[in-house]
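Excluded from the calculations below are hydrogen atoms, water molecules and symmetry mates; all remaining heavy atoms, backbone and side chain alike, are included. Read the numbers this way: they start at 1 and go in the same order the structure lists the ligands and their atoms.
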Amino acid sequence: VNHAAATGTGTGVLGDTKTLNTDSYSGGYYLRDITKPMYSTGGKIETYTANYGTALPGTLLTDADNVWTDRAAVDAHYYAGKTYDFYYNKLGRNSFDNRGATLKSTVHYSRNYNNAFWNGTQMVYGDGDGSQFTSLSGALDVVAHEITHAVTERTAGLVYENQPGALNESFSDVLGNLVENKNDPKWLLGEDVTTPGIAGDALRSMSNPNEYGQPGHMNEYQNLPNTREGDWGGVHINSGIPNKAFYNFVTTPGITKDNAGKIWYRALTQYLTSYSQFIDARNATIQAATDLFGANSLEATAVANAWASVGVG
Ligand SMILES: Cc1cccc(C(=O)O)c1OC(=O)C1CC1
Ligand SMILES: [Zn+2]
């Protein structure tokens with residue numbers, strides 16, 4: 001029996017019902033999406049469980065009746081599909097490698113694990129401890145954040161330390177929110193899975209980085225040690241500065257989310273390199289806006305103003 005695309009239903013982390021692309025193969029249903037353009041060269045979206053251990057990728061999820069109840073798996077699978085669609089339809093990129101590589105996710109990684117990460121090959125999601133986080137695949141901005149780490153690794157290659165690392169983090173936050181495309185005036189990150197017992201909070205805020213302990217201007221840059229304890233020079237801290245620059249840009253009257261995304265994506269994939277600093281990101285986004293909209297365009301002017309407003313350039 002060959003692979004055949006099937007449509008299942010599943011319950012997500014927040015209790016919502018979703019339609020899932022699955023694969024009816026040899027008598028069972030597999031959590032495998034074979035409907036995307038990348039399938040023409042063998043690419044698919046596959047979701048696994050680590051079954052609360054740390055061996056990767058773990059076991060590909062199967063189900064007898066195509067009604068899926070593993071909430072973390074349902075959202076990891078569905079949101080990976082949404083992220084693939086955004087990159088393909090909006091930015092013309094065919095998966096993280098732009099060559100239709102299979103998108104592999106593993107959920108239920110370890111126990112009480114308050115993290116999500118791209119390990120160089122696949123996405124990995126913990127279930128949280130139920131207090132700090134619920135299952136981390138339950139948020140589209142988180143899933144798109146992780147997949148964007150893969151895109152960055154294959155393009156600019158921004159090293160995960162100091163200013164290049166803060167840029168790496170910021171591009172993941174920017175694309176995470178653009179893919180999520182919520183009507184969220186505060187441009188929050190992780191709001192759907194952070195502290196399930198507290199409403200209205202988040203992991204980070206792009207509109208007001210200070211709200212979650214991040215600098216929003218160069219004069220608040222935190223020189224932290226390039227160690228694990230120092231968050232590798234504060235990559236999740238100093239990302240507040242480029243995040244705020246993007247927020248100021250995208251909220252400029254006349255700037256659309258689509259155009260802002262094209263400019264940031266073009267800077268990331270055409271101009272930035274491993275050790276790019278904040279000033280290089282400023283120059284790269286101005287150049288990208290100039291390429292796409294012209295030297296004296298609203299976009300190019302607004303990009304320069306946005307970086308100046310956070311003390312860069
Ligand atoms: C929750 C978490 C912990 C450690 C690293 C990351 C990381 O991927 O950098 C992480 O995920 C996020 O930041 C996502 C966006 C909310
Ligand atoms: Zn990250």
Side-chain angles (χ1 to χ4, degrees), residues 13-14 54 56 72 75-76 79-80 82-83 86 96 103 105-182 184 186-196 198 201-207 209 211-214 224 226-243 246-247 264 268:
V13 171
L14 304 183
T54 54
L56 293 174
D75 279 348
Y79 290 146
K82 288 296 167 203
T83 304
F86 179 93
F96 61 88
L103 275 172
S105 306
T106 296
V107 295
H108 305 309
Y109 179 81
S110 189
R111 294 183 174 284
N112 298 315
Y113 193 69
N114 289 313
N115 269 23
F117 60 96
W118 167 260
N119 76 347
T121 305
Q122 62 164 99
M123 277 77 67
V124 184
Y125 301 97
D127 288 308
D129 59 11
S131 172
Q132 194 180 339
F133 286 104
T134 186
S135 297
L136 280 101
S137 59
L140 178 48
D141 60 358
V142 172
V143 171
H145 176 108
E146 301 313 334
I147 293 172
T148 300
H149 277 312
V151 173
T152 297
E153 184 184 84
R154 297 304 187 95
T155 55
L158 290 160
V159 294
Y160 210 57
E161 64 187 38
N162 304 320
Q163 287 197 19
L167 289 173
N168 185 317
E169 270 301 303
S170 178
F171 276 94
S172 275
D173 281 354
V174 166
L175 272 296
N177 266 322
L178 287 174
V179 172
E180 185 174 60
N181 193 27
K182 250 187 206 171
D184 168 16
K186 297 176 83 172
W187 287 74
L188 300 174
L189 269 303
E191 67 279 4
D192 290 348
V193 293
T194 306
T195 57
I198 303 167
D201 67 342
L203 202 53
R204 293 184 284 277
S205 165
M206 299 180 68
S207 57
E211 191 170 352
Y212 296 100
Q214 290 189 299
L224 292 163
N226 183 14
T227 61
R228 178 176 304 284
E229 299 69 32
D231 186 33
W232 309 112
V235 301
H236 293 94
I237 307 289
N238 293 308
S239 57
I241 295 164
N243 280 1
F246 178 82
Y247 172 77
W264 251 243
L268 178 69

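Using modelled atom types, one finds no donor on one side chain facing an acceptor on the other under 3.5 Å when comparing Ser172 with Glu146. A side-chain donor-acceptor contact under 3.5 Å links Gln214 and Ser239. Side-chain polar atoms of Ser137 and Ser135 form no donor-acceptor pair below 3.5 angstrom. A side-chain donor-acceptor contact under 3.5 Å links Thr195 and Asp201.
By the criterion of a heavy-atom distance under 4.0 Å, neither the backbone nor the side chain of Asp141 is placed next to ligand 1. Using a 4.0 Å cut-off between heavy atoms, Tyr113 makes no contact with ligand 1 at all.
Per-residue contacts place Asn115 under 4.0 angstrom from the following atoms of ligand 1 (heavy atoms of the residue considered): 3 (C), 4 (C). The atoms of ligand 1 that sit less than 4.0 Å from any heavy atom of Glu146 are 7 (C), 8 (O), 11 (O), 12 (C), 14 (C). In the vicinity of Val142, heavy-atom distances shorter than 4.0 Å reach the ligand 1 atoms 16 (C). The distance from ligand 1 to the heavy atoms of Leu136 drops below 4.0 Å at these ligand atoms: 1 (C). When each atom of ligand 1 is checked for a heavy atom of His149 under 4.0 Å away, the hits are 8 (O), 9 (O). Heavy-atom contacts of Tyr160 reach the following atoms of ligand 1: 9 (O) (cutoff under 4.0 Å).
Ring planes of Phe246 and Trp187: perpendicular class, angle over 60° (limits at 30 and 60°).
The nearest N/O/S atom of His145 to the Zn ion (ligand 2) is NE2. The nearest N/O/S atom of Glu169 to the Zn ion (ligand 2) is OE2.
Met123 pairs in a side chain to side chain contact (heavy atoms under 4.5 Å, CB included) with only one of the listed residues (Val143, Thr106, Leu103), which is Leu103.
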**Study point:** Verdict with supporting geometry, Lys186 and Glu211, salt bridge (charged side-chain N to carboxylate O under 4.0 Å, His left out)
**Key:** CA-CA 11 Å; Lys186 297 176 83 172; Glu211 191 170 352; 3.6 Å; yes
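The option from Arg204, Gln132, His236 that lies nearest to atom 13 (O) of ligand 1, judged by heavy atoms, is Arg204. With atom 6 (C) of ligand 1 as the reference point, the heavy atom nearest to it among Ala116, Gly176, Ala139 is part of Ala116.
Panel note: side chain Tyr125, backbone His108; no donor-acceptor pair is recorded below 3.5 Å. The backbone N or O of Thr148 lies less than 3.5 Å from a partner atom in the side chain of Thr152, making a donor-acceptor pair.
Close N/O approach between Asn114 and ligand 1 is not found [any backbone or side-chain N/O within under 3.5 Å].
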